[in-house]
Amino acid sequence: DQQVKQNSPSLSVQEGRISILNCDYTNSMFDYFLWYKKYPAEGPTFLISISSIKDKNEDGRFTVFLNKSAKHLSLHIVPSQPGDSAVYFCAASENDYKLSFGAGTTVTVRA
Amino acid sequence: KAGVTQTPRYLIKTRGQQVTLSCSPISGHRSVSWYQQTPGQGLQFLFEYFSETQRNKGNFPGRFSGRQFSNSRSEMNVSTLELGDSALYLCASSRGQGGYNEQFFGPGTRLTVL
């Protein structure tokens, strides 16, 4: 049973504009959320995380928002750059237990 | 510092065979986790090893097994291969066990079962 869902398999955005990636989860016990980025032929790399005690975390061009009541988180990339073209995975952990990943969203940044 | 390495990078097997995949973690990392990535399913957690002990296990059949050695290197074994086992197998290492620790992924082993 997929506890972390990324309902948009792909996203295309113009360079310089905002990319918004969405993630929904069903397990209300998740207390730590992460985003990973994956280029072809490489393993995923950690991008940004947020604890359930926060609703926003920012790191440069990347901001993650958490809405616990809606069981929803989003990743904003501003401004989007060609190098951001990759697959983005949302992941969540309950009580420091294993990570549960979403299916991924492929982002394409158009020049 | 060297990253996580996985061998082999590509593998082709036939149904019914068995396969062993290897993962060398980043030096100093004691936890190794294994994931299966298939299109549309994302990364599915297989198991996590910490200090040679399996700490967590995902919902995979017993044909999937693993182990960790005293130098933290880990192997994953799949017996009686099925067509549905074709996937990218990723391993990730971290200093500590559990989901709070940042995981560093290797490039994966692409397994094709014919």
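Chain A is the first sequence line, chain B the second, and so forth, proteins listed ahead of strands; every chain is numbered from 1. Not measured: the values here are computed from a predicted model.
Contacts with chain A (heavy atom to heavy atom, under 4.5 Å) involve these residues of residues 77-93 of chain B, listed by number: B:Leu88, B:Leu90. Proximity to chain B among residues 99-111 of chain A is limited to A:Leu99, A:Phe101, A:Gly102, A:Ala103, judged by heavy-atom separations below 4.5 angstrom.
With hydrophobic clusters built from ILVMFWY side chains whose heavy atoms lie under 4.5 angstrom apart, B:Phe60 shares a cluster with B:Trp34. When the side chains of ILVMFWY residues are joined at heavy-atom separations under 4.5 Å, either directly or via intervening members, A:Val64 and A:Leu11 end up in a single hydrophobic cluster. Hydrophobic clustering, with ILVMFWY side chains joined whenever heavy atoms are under 4.5 angstrom apart, groups B:Phe64 together with B:Val19. Both A:Phe62 and A:Leu73 are part of a single hydrophobic cluster, where members link through side-chain heavy atoms under 4.5 Å apart. By the criterion of side-chain heavy atoms lying less than 4.5 angstrom apart, applied directly or through intervening Ile, Leu, Val, Met, Phe, Trp or Tyr residues, B:Val4 is not grouped with B:Leu11; the two fall into different hydrophobic clusters.
Both the backbone and the side chain of A:Pro44 come within less than 4.5 Å of a heavy atom of chain B. Interface remark: B:Tyr35 contributes side-chain atoms only to the contact with chain A (heavy atom separation under 4.5 Å). Contacts of B:Gln41 with chain A are made by both backbone and side-chain atoms, with heavy-atom separations under 4.5 Å. Proximity to chain A (any heavy atom under 4.5 Å) is restricted, for B:Phe45, to the side chain, taken from C-beta onward.
Taking each heavy atom of A:Gln2 and B:Gln44 in turn, the nearest pair found is OE1-NE2, 3.5 Å. What you find for B:Pro107 and A:Ala41 is that their closest heavy atoms are CB-O, 4.0 Å.
One distance of note links OH of A:Tyr36 with CZ of B:Phe105; it measures 5.5 Å at 0.5 Å rounding. Atom CD of residue B:Gln103 and atom NZ of residue A:Lys98 lie 11.5 Å apart, to the nearest 0.5 angstrom.
By the 6.0 Å contact criterion, CZ on A:Arg61 is enclosed, its count of non-hydrogen atoms from other residues, nucleotides or ligands being greater than 12. Annotation for B:Lys57: atom NZ counts as buried by contact number, over 12 foreign heavy atoms lying within 6.0 Å. For CZ of B:Arg9, the number of neighbouring non-hydrogen atoms (other residues, nucleotides, ligands) closer than 6.0 Å is greater than 12.
Interface remark: of the candidates B:Gln6, B:Gln37, B:Glu48, B:Arg110, B:Gln37 forms the most heavy-atom pairs closer than 4.5 Å to chain A.
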